[in-house]
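Let me begin by presenting the structure, written as structure tokens, before commenting on it.
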Amino acid sequence: MSGREFDVVVVGAGFAGLYMLHRVRALGLSVRVLEAGDGVGGTWYWNRYPGARCDVESMQYSYQFSPELQQEWDWTERYAAQPEILRYAEHVADRFDLRRDIDFGTRVTAAVFDDGAGRWMLETDRGERIAATWCVMATGCLSAPNDPPIPGLESFAGPRYHTGRWPHEPVDFTGLRVAVIGTGSSAIQSIPVIARQAAHLYVFQRTANYTVPAHNRPLDPAYRDAVKADYPAMRARARQNFPGIDYRINLQSALEVAADEREREYAARWADGGLPFMGAFRDLLLDPAANDTAAAFVRAKIREAVADPAVADALTPRNVIGCKRLCVDTGYWATFNRPNVTLVDISGAPIEAITADAVRANGREHPVDALVLATGFDAMTGTLLRIDIRGAGGRRLRDKWAEGPRAYLGLAMAGFPNLFTITGPGSPSVLTNMLPSIEQHVDWIADCLAYMRASGLARIEATAAAEDAWVAHVGEVAAPNLRSTCSSWYVGANVPGKPRVFMPYIGGFPAYVEKAAAIAGAGYAGFVLT
Ligand code: NA7
């Protein structure tokens with residue numbers, strides 16, 4: 001197996017890696033995908049926790065590169081659950097005959113640029129060495145699980161799960177006392193399901209979170225057919241919308257309309273459900289006073305839904321709504337009315353210790369049989385930094401990014417020739433619908449490879465000046481946005497010691513696509529091609 005050489009190696013067989021493989025193959029280049037998991041699907045391969053579901057509507061959270069694929073696949077729910085999304089990824093792999101070029105169960109441990117040979121040498125946990133002219137990191141934004149440094153975690157005697165590494169076998173909590181640590185999106189999706197099984201559920205909440213109802217339902221076949229009949233139009237509308245999702249964004253200010261009109265807008269969006277809630281007014285993420293009107297609406301909903309006023313109060317977030325990623329739930333608040341669910345507010349002091357059979361917090365032992373860490377990910381940079389990546393002259397990515405990620409367009413980096421990152425830091429990625437963002441990056445990279453081949457070029461590298469300018473631009477657009485102001489994983493705040501930098505590009509999908517296309521159209525401005 002060792003000693004193989006390819007034009008392109010792609011790391012990861014999630015939605016990014018699958019489509020990259022498809023595109024590179026069509027260019028007539030030799031290509032291999034290296035995937036740590038035993039199957040395709042990436043995020044949707046690993047995140048099998050109960051209640052796992054996509055927050056983007058299924059008709060939009062899908063590839064658009066193949067009109068045939070788009071027409072033949074039938075989603076069954078408004079928001080697809082993890083098993084269905086995984087089936088979709090598997091269908092794509094089979095339909096485009098992708099598996100024969102993927103090595104499963106193969107984790108890349110190092111990627112080192114060989115200056116002399118002008119190519120990348122990758123090492124895997126199976127002891128292989130694989131060479132490639134171009135290396136594409138399709139490693140995902142939320143793929144490196146964050147195991148919190150809670151004292152005694154290792155001493156827990158019962159089963160312990162991380163939502164991002166859920167077992168493939170069914171997990172049955174029936175009759176068990178369960179602790180869920182965290183109240184982010186994964187927790188908010190899984191808590192209502194676990195609560196229905198467990199004898200008792202303790203929810204350890206460090207920061208109260210906002211969530212809006214999904215109002216998930218079986219997909220109406222008439223709606224599905226109508227979208228399919230006019231799919232290109234929906235995709236075109238989505239491309240013109242800030243988050244790359246087709247929904248109506250109200251261009252009024254929350255502060256310019258009368259209070260009753262504002263309430264009607266929020267109520268209508270609440271009744272419709274999902275992330276479009278944040279599109280109620282244009283300035284919700286720009287003006288604290290505007291934001292507070294939306295936050296107040298949701299806080300009132302919590303008081304309505306939760307019977308015990310003290311519990312409702314503890315569940316009520318005080319910060320900016322939408323600053324941390326807004327969650328989308330099915331029955332989250334009402335779950336706290338169940339007699340078998342206890343909220344443990346740890347906002348005042350962290351969990352003191354985990355022992356063999358309990359979680360100790362606020363000076364009290366909470367005896368539990370199973371532990372669920374819903375503590376998120378070392379987002380955007382973690383997966384890349386867990387690989388020993390070294391560029392020209394042996395420069396380590398870990399050193400380059402010691403004070404936060406630096407990349408050009410979130411696609412490439414100065415000092416790391418012929419290395420591309422799909423939806424890397426500095427690209428819209430996690431602030432948008434991931435599927436179109438992935439497709440746009442893959443298309444950009446594939447077009448770049450085609451251009452290089454046609455022009456007899458072998459090496460591409462972002463210049464330091466272009467990278468500096470892009471990083472500055474990413475920072476400039478983030479600064480006035482309220483999303484850059486709180487302790488979220490967008491700024492690395494969830495991982496102790498991680499530099500605080502707003503990592504994704506918040507200038508919106510359309511602006512980003514336009515800039516990336518202009519750069520390519522100008523002969524790859526800001527890159528040196530040789
Ligand atoms: P998130 O959103 O990062 O949530 C992680 C949660 O875990 C969050 O409530 C954290 O509290 C909590 N956490 C993290 N470390 C600790 C420790 N040490 N003690 C107690 N609580 C802790 O991850 P998810 O998996 O839910 O969602 C990730 C994304 O996936 C989501 O945004 C969607 O885009 C899809 P904190 O808020 O940091 O105080």
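When a ligand or atom number is given, it counts from 1 through the structure's own listing order.
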- [ ] Would you kindly say whether S437 and S429 are connected by a side-chain donor-acceptor distance under 3.5 Å?
- [x] no

Open item on the list: Run the side chain to side chain contact (heavy atoms under 4.5 Å, CB included) test against R217 and tell me which residues pass, sequence neighbours left out.
Closed with: R78, H215

Open item on the list: What I want to check is whether the side chains of R235 and Q70 have a donor and an acceptor closer together than 3.5 Å.
Closed with: yes

- [ ] Could you name the protein residues that come within less than 4.0 Å of ligand 1, counting only heavy atoms, and order them by chain and residue number?
- [x] L142, P148, I181, G182, T183, G184, S185, S186, R206, T207, K324, R325, I346, A374, T375, G376, F377, W489

TODO: Could you tell me whether the side chain of R386 reaches within less than 4.5 Å of the side chain of R398, counting heavy atoms only?
DONE: no

Open item on the list: Regarding S487 and R500, do their side chains bring together a donor and an acceptor under 3.5 Å, going by distance alone?
Closed with: yes

Open item on the list: Tell me which one of R299, R325, K301 satisfies side chain to side chain donor-acceptor pair (under 3.5 Å) with Y210.
Closed with: R299

